[in-house]
Trainee: 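Please find one structure pasted underneath; my questions will follow.
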Amino acid sequence: MKLTRREVLKSAAAASAFMALNGTLPDMAVAAPGEPDKWVKAVCRFCGTGCGVMIGVKNGKVVTVKGDPNNHNKGFLCLKGAELPSIVNATKSRVTRPYIRNNGQLVPASWDEAMNLVVSKFKSAIKEHGPTSVAYYGSGQALTEESYLANKIWKAGLRCNNVEGNPRLCMASAVGGYYTSFGKDEPIGCYKDIDAATCFFIIGANMSECHPILFKRVAARKQADPNVKIIVVDPRRTNTARIADIHVSFKPGTDLAILNAMAYVIIEEELDNPRFYNKYVNFMTNDKKKVDFKAYRKFLQDYTPEKAEKISGVPAEQIRTIAKMFGNASAPMSLWTMGLNQHIRGVWANNLTTNLHLLTGQLGKPGATNFSLTGQPNACGGVRDTGSLCHLLPAGRMIKKSKDRAALEKQWGLKPGTIAPKPGLHTIALWNAFSEGKIKAMFVLCTNPAQSLPNVNMYTEGMKRKDNFMVLSEPFMDAETVKYCDVLLPPAFWCEKRGVYGCTERRYSLLMKAIEPIGECRPDVDILLDFAKRMGVDPKVIPFNNVDDIWDEWREVSSATPYNFKGMTRARQEKESGILWPCPTEDHPGTCHRYVRGEDPNIPKDYKNKMWFYGTKDGKARLWLRPYAPAAEEPDAKYPMVLTTGRVIDHWHTGTMTMKSPVLRRSFPNAYVEVNIDDAKKHGIKNGDNVLLETRRDKMVFQAKVSDVCRPGLVFVPWFDQNLIINKLTLNAFDKGSKQPEYKICAVRIKKA
Ligand SMILES: Nc1nc2c(c(=O)[nH]1)N[C@H]1C(S)=C(S)[C@@H](COP(=O)(O)OP(=O)(O)OC[C@H]3O[C@@H](n4cnc5c(=O)[nH]c(N)nc54)[C@H](O)[C@@H]3O)O[C@H]1N2
Ligand SMILES: Nc1nc2c(c(=O)[nH]1)N[C@H]1C(S)=C(S)[C@@H](COP(=O)(O)OP(=O)(O)OC[C@H]3O[C@@H](n4cnc5c(=O)[nH]c(N)nc54)[C@H](O)[C@@H]3O)O[C@H]1N2
Ligand code: SF4
Ligand SMILES: [Mo]
């Protein structure tokens, strides 16, 4: 496939598809300005794939980017990555100075005026209502140093555990899944496993649009060896599904039944591996009781393929086929994202996917791994690893465990008992409390909650209250949350600051500063340090002068735990393009497979077994007996269809950044509703017609895209469009364990408008 630059600009969607497969657009050397003065090493601003980029700078301006040949992406970028220069250069839309809201209007202010107001609001809230009346709401797109710092300011400095962020909307169920299965968070495999896997089990992930460069690697693996199998389990026939050997379409939210039925078939066909699970696995019931294999088999009687067919709509024979394909594979790799996580049983779905690996012993060797794909570029390295959520502490420690609090207090040099023993409010509870006026002051950084929260009308109403206060650090003036904030702060953008991103495979890479911040913009680290100082946080608690100091402390803190990345010095990070933790010493190459003797430095060399799941007390992983349960809001007579939401290749989330690129904007200018051909006929809807979508929350009109992508009974709306905020219609029900909302299912009715 060959495209000219003109064709590319005319059809960005085609360009994206082309780039995902070919990796580069040679004649696209964006607005080719001649050779840049310098190339600066960084990581792409967008997805959790974490591609290395080289930023081309000329006369203090970003003029181009190219893929970093030394990072895992080997020089390739997708179109979003390639379009970064046009986003960086959209300076007309930037917030370049602080603002304070006055009589409903945002009025320019000095940094001193803005920060003094912020601090007076936080101080008076704490004085009158205690430290639990304030909060930090951050992001998996913030730098590691930013998240670590905010977490420490709040939990150690203000003694407030209300530290949350968008990873709760995204990866919380994966965290819960890894934690319950292995006792510790984060994937245990790495990208290299893609090159060795013989069967890809992609469930609830649209990799071709959301992790294009990883998808390219999967496609390349299949191309190199046609015996490699790809199974895609998704209620939509996505571009990802189109390269699959088998696409399993089913009733959304019934993954639990399908996964249990696969386990049933694996045992029935004697494809299970007793040598592995007898040695390394405990079978656990929902109420945390250890049971034996016989009890597991008995539990699975409720999930024969025939019974699972009744629940999911997947033909029993197809369940048998995919179970055998997985069970017979010499190295199956499962990959999943929001199709599993964004459900009220998101953690259970994670557990049941992992179960397939524990049952077949397919872990700890090249290619065989249960690999949760992370959404944001720094959900792992920033929020998950630094424990910047209301129930966590850095490096896998938990607030509710007194031993964990004590250990961290010692490392941080705090008086015993400084860290409050009660976890803070999780995201939905936090925004509920803010809307009820119980949270008085909220610091929002690097996230756009007025568009991204589910059932968002509730929360934007709350943001309008006069008796609560929200300060927002946001680079773009037209972001939705700007409409509601009381103080707006101008952060330095992506290439204007320095720090670490850690992607899906535990790879930490340094982003170096390429250009100076524009206007009065400051790096978020500087904003947070200024905040801490003005709040009077003890300088012994926040002793940092710059972003590198924070990194050094964090390396030290990690070194007492299995996360250990002490060996990733700044000097090394500047030289190398990403290192995978654990990495305890400066000469350590980084770790591809955790829990494997000979690879994971946490396992003594003379340990007798091949694997050791050291995150649990007895060193065994847990295979959970998790039953199927229906969604929070199933379709009924009044709202007979399912609404699901998600992503398109050319936009990032709320569109604040990708909408600034003419190429990306042209590719998808507006949100639309994807309707199945049969449903369209039934409702007399033609391609391009206006369709009214109505849920119990709100209603809205979208243009129809009629296709075979959605299965009958299902409609899909992408959520990037600020003018058509689909989250006004979604539901804020959440997983009891992970507290992650169920964005993927709510009941809806549709009619031609
Ligand atoms: N282009 C682009 N890439 C992105 C992002 C972006 O905004 N744009 N965002 C990044 C982030 S933060 C994230 S979290 C990831 C998300 O990455 P993905 O999870 O891959 O993307 P989504 O579109 O949210 O949903 C994936 C698929 O889940 C399917 N699905 C819906 N319900 C179910 C179900 O019940 N079961 C199963 N098995 N599947 C279901 C949907 O049909 C959809 O195809 O993408 C990252 N990459
Ligand atoms: N309907 C529906 N809703 C969803 C989802 C879904 O699948 N469906 N997915 C959920 C998921 S998985 C996620 S991850 C969330 C994401 O939701 P959000 O985090 O709210 O979405 P973003 O658009 O990524 O917001 C990031 C914001 O940070 C700003 N920004 C960029 N760079 C910087 C910086 O350096 N500093 C600062 N301070 N700000 C910066 C951007 O302009 C943007 O406004 O949405 C969730 N919402
Ligand atoms: S795949 Fe993700 S990280 Fe890589 S260039 Fe594309 S958006 Fe950026
Ligand atoms: Mo996400």
Side-chain angles (χ1 to χ4, degrees), residues 60 88 90-127 134-139 141-143 145-154 157-158 440-448 463 468-479 481-499 513-539 541-550 656:
V88 170
T91 48
K92 280 207 191 98
S93 318
R94 285 283 297 276
V95 182
T96 54
R97 60 175 308 164
Y99 290 84
I100 292 175
R101 192 170 300 279
N102 202 335
N103 288 328
Q105 298 298 313
L106 284 175
V107 181
S110 70
W111 269 106
D112 263 338
E113 286 163 345
M115 290 308 284
N116 283 341
L117 178 60
V118 170
V119 165
S120 77
K121 291 289 183 182
F122 272 77
K123 277 189 174 162
S124 70
I126 293 173
K127 193 166 157 218
V134 301
Y136 171 80
Y137 187 70
S139 174
Q141 299 163 59
L143 296 168
E145 294 85 345
E146 292 162 2
S147 294
Y148 179 83
L149 174 61
N151 201 25
K152 195 175 181 193
I153 294 173
W154 260 258
L158 307 180
K440 301 289 176 191
M442 177 100 83
F443 204 125
V444 179
L445 186 142
C446 205
T447 177
N448 193 4
M463 290 173 194
N468 61 18
F469 174 85
M470 176 165 76
V471 48
L472 173 70
S473 171
E474 165 62 54
F476 293 105
M477 205 68 208
D478 52 1
T481 311
V482 170
K483 293 181 188 163
Y484 303 96
C485 66
D486 299 296
V487 167
L488 176 62
L489 301 176
F493 190 53
W494 173 69
C495 55
E496 300 167 351
K497 59 184 180 181
R498 167 186 173 89
K513 180 174 157 183
I515 57 170
E516 286 304 317
I518 65 166
E520 296 179 34
C521 295
R522 293 182 186 171
D524 285 311
V525 155
D526 295 8
I527 296 175
L528 289 166
L529 284 174
D530 187 22
F531 172 76
K533 199 164 154 199
R534 289 176 199 255
M535 285 299 290
V537 173
D538 185 347
V541 176
I542 304 295
F544 317 111
N545 291 315
N546 58 42
V547 67
D548 291 356
D549 294 347
I550 300 169
T656 59

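Positions are given from 1, in the same order as the sequence printed here.
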Trainee: Please name all residues satisfying salt bridge (Lys or Arg N to Asp or Glu O under 4.0 Å) with Glu145, sequence neighbours left out, ordered by chain then number.
Mentor: Arg570
Trainee: Output the distance between atom CG (Asp538) and atom NZ (Lys533), rounded to the nearest 0.5 Å.
Mentor: 14.0 Å
Trainee: Could you tell me whether a side-chain N or O of Lys152 sits under 3.5 Å from a main-chain N or O of Ile542, the two making a donor and an acceptor?
Mentor: no
Trainee: Atom NZ of residue position Lys440 - does it have more than 12 heavy atoms of other residues, nucleotides or ligands inside 6.0 Å?
Mentor: yes
Trainee: Between Ala114 and Val487, which heavy-atom pair has the shortest distance, and what is it?
Mentor: CB-CG1, 4.0 Å
Trainee: Is there side-chain contact between Leu472 and Leu488, with heavy atoms separated by less than 4.5 Å?
Mentor: yes
Trainee: Determine the minimum heavy-atom distance between Leu149 and Val525, stating which atoms define it.
Mentor: CD2-O, 3.6 Å
Trainee: Got a sec, which residues hit salt bridge (Lys or Arg N to Asp or Glu O under 4.0 Å) with Lys483, two or more places apart in sequence or on another chain?
Mentor: Glu480
Trainee: Within the structure provided, determine whether Asp549 and Asn546 are in side-chain contact (heavy-atom separation under 4.5 Å).
Mentor: yes
Trainee: If I take atom CD from residue Glu516 and atom SG from residue Cys521, how far apart are they, to the nearest 0.5 angstrom?
Mentor: 11.5 Å
Trainee: May I have the step-by-step check of side chain to side chain contact (heavy atoms under 4.5 Å, CB included) for Leu445 and Ile527, ending in yes or no?
Mentor: CA-CA 10 Å; Leu445 186 142; Ile527 296 175; 5.6 Å; no
Trainee: Any salt bridge linking Lys497 with Asp526? Criterion: basic side-chain nitrogen under 4.0 Å from a carboxylate oxygen.
Mentor: no
Trainee: If you compare all heavy atoms of Thr656 against all heavy atoms of Ala479, which two are closest, and at what distance to 0.1 Å?
Mentor: CG2-CB, 3.6 Å
Trainee: Just by modelled atom types, is the Arg101 backbone N or O under 3.5 Å from a matching donor or acceptor in the Asp486 side chain?
Mentor: no
Trainee: Would you mind reporting whether Val482 and Phe476 have side-chain heavy atoms less than 4.5 Å apart?
Mentor: no
Trainee: Report the residue from Arg94, Lys513, Arg522 that forms a salt bridge (charged side-chain N to carboxylate O under 4.0 Å, His left out) with Glu496.
Mentor: Arg94
Trainee: Looking only at non-hydrogen atoms, find the nearest pair between Glu474 and Val95 and report the distance.
Mentor: O-CG2, 3.2 Å
Trainee: Would a distance-only check, ignoring hydrogens and angles, find a side-chain to backbone donor-acceptor pair under 3.5 Å from Thr96 to Gly519?
Mentor: no
Trainee: Please examine the side chains of Glu113 and Pro98, heavy atoms only from C-beta on, and report whether any two atoms are closer than 4.5 Å.
Mentor: no
Trainee: What's the spacing between Arg97 CZ and Ser110 OG if we round to 0.5 Å?
Mentor: 8.0 Å
Trainee: What's the shortest heavy-atom distance between Asp524 and Ser473, and which atoms?
Mentor: OD1-OG, 2.6 Å
Trainee: Kindly determine whether Met477 and Ser93 satisfy side chain to side chain contact (heavy atoms under 4.5 Å, CB included), including the steps that lead there.
Mentor: CA-CA 6 Å; Met477 205 68 208; Ser93 318; 5.6 Å; no
Trainee: Any side-chain heavy-atom pair from Met115 and Leu489 closer than 4.5 angstrom?
Mentor: yes
Trainee: Within this structure, what is the CE-CZ distance for the pair Met535 and Phe122, rounded to the nearest 0.5 Å?
Mentor: 7.0 Å
Trainee: Going by heavy atoms in the side chains, are Phe531 and Val537 under 4.5 Å from each other?
Mentor: no
Trainee: Within the side chain of Lys123, is there an N or O that forms a donor-acceptor pair under 3.5 Å with the backbone of Arg534?
Mentor: yes
Trainee: I need the minimum non-hydrogen distance between Cys446 and Ser139, along with the two atoms involved.
Mentor: O-OG, 2.6 Å
Trainee: Rounded at 0.5 Å granularity, tell me how far CZ in Phe544 sits from CD1 in Ile153.
Mentor: 8.5 Å
Trainee: Kindly indicate whether the side chain of Pro475, heavy atoms from C-beta on, has any atom under 4.5 Å from the side chain of Pro490.
Mentor: no
Trainee: How are the rings of Tyr136 and Phe443 set relative to one another: parallel (under 30°), tilted (30 to 60°) or perpendicular (over 60°)?
Mentor: tilted
